[in-house]
Amino acid sequence: MEAADLLKKEEVVAFPTETVYGLGANAYSSEAVQKIYEAKGRPSDNPLIIHIAEEAMLAEVAAVIPESAKKLIERFWPGPLTVVLPKKGPLSPLVTAGLDTVGIRMPNHPIALALIKLAGVPLAAPSANRSGKPSPTQGRHVVHDLKDRIAGVVDAGPTGVGVESTVVDCTTNPVTLLRPGGITLEELEDTLGPIRVDPHLEKNTAVPRSPGMKYTHYAPNAPLVLVESFEKLEKLLKQAKEEGKVVGILTTEERQSFYKEADYVLSCGRRAELATVASHLYDCLRQFDQLNVDLILSEAFPVKGVGEAIMNRLQKAAGGNTVKAD
Ligand code: AMP
Ligand code: MG
């Protein structure tokens with residue numbers, strides 16, 4: 001594969017995973033990893049996740065593998081789960097942004113696994129978007145953001161899960177959920193019993209342990225307001241139209257016929273099946289940029305199952321601009 005040859009030459013290449021497209025580089029090469037930060041415009045204190053293709057690679061990058069991590073790995077790999085472990089070996093210090101831990105996952109996508117095996121090294125790979133924008137779930141999203149900044153994209157159509165991996169810190173006991181994602185809290189607790197949820201996650205405040213929580217993220221160009229009541233959403237729509245704004249609504253199939261006054265109504269899936277919402281969320285956020293709306297009003301979702309990851313991303317896209325039910 002041409003992409004593997006580019007990776008061997010210290011270049012950065014975007015590739016599909018089951019969550020979102022990743023921007024990969026040889027995790028052992030600071031020259032290569034530096035190019036990820038430059039292409040994305042990513043702050044250098046935000047660590048990268050290492051992607052491996054076989055469990056033998058785990059021992060090359062992790063110093064200790066606690067029992068909790070072994071259980072999670074056995075159940076969820078390959079899949080959308082990142083475990084944070086004490087680091088070891090020749091990893092570029094840029095990968096971990098100076099931390100003594102490293103986040104590692106094995107993606108569940110044949111092209112990602114083949115590419116890592118051909119490259120012969122673990123790949124450091126954050127999402128393949130410009131920092132701060134919604135993550136890419138289609139090859140064309142990567143091209144839009146990074147066309148002239150990277151060596152290539154392996155385009156294999158839309159990714160499936162649509163939100164990033166769940167990040168679990170396995171250096172604490174019990175383990176700590178740092179970022180909700182494709183594997184749900186319920187699934188984690190079903191495997192390990194009750195786990196800790198990082199308090200910053202709930203409060204949505206600036207954060208030390210998982211820098212993914214620290215920056216504005218997933219944000220479309222127009223301000224997005226996350227509205228936790230359908231009535232309030234309709235009121236806000238009316239108000240914005242009176243002010244002459246071009247308004248986009250982010251909704252679901254169940255409610256897409258309700259917003260007659262809106263300029264654009266995008267359905268991101270079925271409320272009754274939240275996995276469909278996760279899968280299309282970022283594409284919808286990106287479509288609003290093309291439509292040049294002045295304001296996006298988004299419905300909210302139940303914070304259970306993959307709804308936890310969906311709400312986490314929408315809260316960040318809203319930059320804290322959430323309207324509560326009462
Ligand atoms: P991204 O690659 O954009 O999906 O972001 C990766 C996220 O994984 C980071 O923003 C962190 O939240 C998390 N992460 C990666 N490595 C570590 C680590 N060593 N400790 C804590 N969190 C990590
Ligand atoms: Mg990202």
Side-chain angles (χ1 to χ4, degrees), residues 12 14-25 27 33 35-37 39-52 58 61-65 69 80-89 91-105 107 112 122-137 141-142 145-146 150 159 161-172 175-183 196-198 200-201 204-219 278 281-282 285-286 309 312-313 316-317:
V12 290
F15 62 95
T17 78
E18 80 279 34
T19 58
V20 303
Y21 274 75
L23 182 60
V33 174
K35 289 181 184 168
I36 292 180
Y37 286 96
K40 284 183 60 88
R42 182 174 173 113
S44 60
D45 63 345
N46 191 1
L48 308 176
I49 292 170
I50 297 289
H51 290 63
I52 61 174
L58 183 61
V61 289
V64 188
I65 305 163
L81 177 78
T82 297
V83 293
V84 172
L85 298 172
K87 74 168 180 180
K88 89 161 199 219
L91 280 177
S92 161
L94 298 178
V95 166
T96 56
L99 299 173
D100 51 13
T101 56
V102 58
I104 309 161
R105 88 173 187 105
L123 297 182
S127 50
N129 53 287
R130 286 285 287 171
S131 198
K133 300 308 294 176
S135 300
T137 50
H141 298 159
V142 180
D145 277 21
L146 300 176
I150 62 177
T159 61
V161 177
V163 290
E164 297 82 349
S165 61
T166 302
V167 180
V168 176
D169 185 352
C170 294
T171 68
T172 63
V175 303
T176 307
L177 175 66
L178 297 181
R179 176 175 77 181
I183 299 295
R196 197 174 157 259
V197 174
D198 192 293
H200 296 98
L201 248 185
N204 211 11
T205 51
V207 152
R209 286 313 305 273
S210 185
M213 307 167 189
K214 191 160 93 181
Y215 301 98
T216 318
H217 239 128
Y218 319 110
L281 180 67
Y282 293 143
L285 293 177
R286 283 174 173 267
N312 171 267
R313 306 307 190 267
K316 284 178 198 305

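Residues: numbered from 1 along the sequence shown. In listed order, ligands and their atoms are each counted from 1. Since we're looking at a predicted model, the values are computed, not measured.
Salt bridge Arg105/Glu18: present, at least one basic N to carboxylate O contact under 4.0 Å.
Residue contacts with ligand 1 for Arg42 involve side-chain atoms from C-beta outward but no N, CA, C or O (heavy atoms, distance under 4.0 Å). Residue contacts with ligand 1 for Lys87 are absent, since no atom lies close enough (heavy atoms, distance under 4.0 Å).
For Arg286, the salt bridge (Lys or Arg N to Asp or Glu O under 4.0 Å) partners are Asp145, not counting sequence neighbours. Partners of Lys87 under the salt bridge (Lys or Arg N to Asp or Glu O under 4.0 Å) rule, at least two apart in sequence or in another chain, do not exist in this structure. Contacts of Thr82 classified as side chain to side chain donor-acceptor pair (under 3.5 Å), with partners at least two apart in sequence or in another chain: Ser165.
The ring of Phe15 has its center no closer than 6.0 angstrom to the ring center of Tyr21.
Some N or O of Thr101 is nearer than 3.5 Å to an N or O of ligand 1, by distance alone. No N or O atom of His217 sits closer than 3.5 Å to an N or O atom of ligand 1. Here's the thing with Asn46: one of its N/O atoms is less than 3.5 angstrom from an N/O atom of ligand 1.
Note on the Mg ion (ligand 2): protein N/O/S atoms under 2.8 Å are Ser127 OG.
Within ligand 1, counting atoms from 1 as listed, the ones closer than 4.0 Å to a heavy atom of Ser127 are 2 (O), 3 (O).
No heavy atom of Thr96 sits closer than 4.0 Å to any atom of ligand 1.
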Go through Arg196 and Thr176 one step at a time and tell me if the side chain to side chain donor-acceptor pair (under 3.5 Å) criterion holds.
CA-CA 5 Å; Arg196 197 174 157 259; Thr176 307; 3.0 Å; yes
